Amino acid sequence: LTTKSMKTESNASTSGLSLSQKGWNPYIVGIGIGVLSWLAFLVVNKPIGMSTEISKFSGWVVELFAGKEAVTNNAYWGSKAPAFGYSTVFLLFTAVGAFLSAKLGKDISFEKVPEVWEQYQGPSVAKRMIAAFFGGAILLFGARLAGGCTSGHGISGTMQLALSSWIFFPVMFIGGIVAARLLFRKKANA
């Protein structure tokens, strides 16, 4: 699932905010994320974040196949036991919100291999799926190792002036730039 604006530059005006607009004004979105962060602290006294919840969700999946004891005895899940709460709702509604935003903006398409991937890495669906799976696994492992993800560190942590978050955020950007340059570098002419 990708949005069409990932393939081509959006022609939509970004001066205002309309739910059916393909591109939203980044300043308005930034203010909205800031307000959401304040509300999260005000209402549930928790920061916004996702990687811990994704890890807890994976604990639920493991529990289905290996049993509750396997999850409880695991060093990680023993301290962060799978439980339904605010963070689970936040995680689920983030996915729902992204889908609705793309749908309302008529900016959604279903494709197995995005054009930009195909241009640099070829049309193999298997290669794309394997890269996406392992990329996501490495990303989640790194987020848990760092004690937070882009929303946990980058938004909530920097907002609280946490030193670890102010280190994490630039390192994450540098890592993303390096990965993009490696994955999407121009091929030498043969």
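Note that the structure is a prediction, hence the values are computed from the model and not measured.
Nearest approach of Phe184 to Tyr120, heavy atoms of both residues: O-CE2, 3.0 Å.
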Identify each donor-acceptor pair in which a side-chain atom of residues 39-49 lies under 3.5 Å from a protein atom, sequence neighbours left out, and give them as a table.
none

Can you give each donor-acceptor pair under 3.5 Å made by side-chain atoms of residues 161-170, sequence neighbours left out, with the distance rounded to 0.1 Å?
residue : atom : partner : partner atom : Å
Ser165  : OG   : His153  : O            : 3.3
Ser165  : OG   : His153  : ND1          : 2.7
Trp166  : NE1  : Thr158  : O            : 3.4

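With hydrophobic clusters built from ILVMFWY side chains whose heavy atoms lie under 4.5 angstrom apart, Ile130 shares a cluster with Phe133. Side-chain heavy atoms closer than 4.5 Å link hydrophobic residues (I, L, V, M, F, W, Y) into clusters, and following such links, possibly through other members, connects Val125 to Trp117.
Applying the side-chain hydrogen bond (donor to acceptor under 3.5 Å, both in side chains) definition to pairs two or more places apart or across chains, none involves residues 54-70.
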- Query: Do Gln121 and Lys127 pass the side-chain contact (heavy atoms from CB on, under 4.5 Å) test, and can you show the C-alpha distance, the side-chain angles, and the key distance before you say yes or no?
  - Reply: CA-CA 8 Å; Gln121 300 297 325; Lys127 183 178 179 181; 3.2 Å; yes
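Note: Leu91 CG to Phe57 CZ = 8.0 Å, rounded to the nearest 0.5 Å. Remark: Ile54 CD1 to Thr88 OG1 distance equals 11.0 Å, nearest 0.5 Å. Separation of atoms CE (Met50) and CG (Leu140) is listed at 12.0 Å; rounding is to 0.5 Å.
In this structure the side chain of Ile155 reaches within 4.5 angstrom of the side chain of Ser37, judged on heavy atoms. Looking at Val29 and Asn25, their side chains never come closer than 4.5 Å, going by heavy atoms from C-beta outward. Side-chain contact between Ser156 and Met159 is absent, with no heavy atoms from C-beta onward closer than 4.5 Å.
Grouping Ile, Leu, Val, Met, Phe, Trp and Tyr by side-chain contacts under 4.5 Å, direct or through others, leaves Leu139 on its own. Taking a 4.5 Å side-chain heavy-atom cut-off between Ile, Leu, Val, Met, Phe, Trp and Tyr, the cluster of Leu145 extends to Phe141.
In this structure, the side-chain hydrogen bond (donor to acceptor under 3.5 Å, both in side chains) partners of Thr52, at least two apart in sequence or on a different chain, are Arg144. With sequence neighbours excluded, the residues satisfying side-chain contact (heavy atoms from CB on, under 4.5 Å) with Ile177 are Arg181. Annotation: side-chain hydrogen bond (donor to acceptor under 3.5 Å, both in side chains) contacts of Lys112 (sequence neighbours excluded): none. Residues forming a side-chain contact (heavy atoms from CB on, under 4.5 Å) with Asn74 (at least two apart in sequence, or on another chain): Tyr76, Trp77. In terms of the ring pair (Phe, Tyr, Trp, His ring centres under 6.0 Å) criterion, Trp38 has no residue partners (sequence neighbours excluded). In this structure, the side-chain contact (heavy atoms from CB on, under 4.5 Å) partners of Ala66, at least two apart in sequence or on a different chain, are Val62, Ala70.
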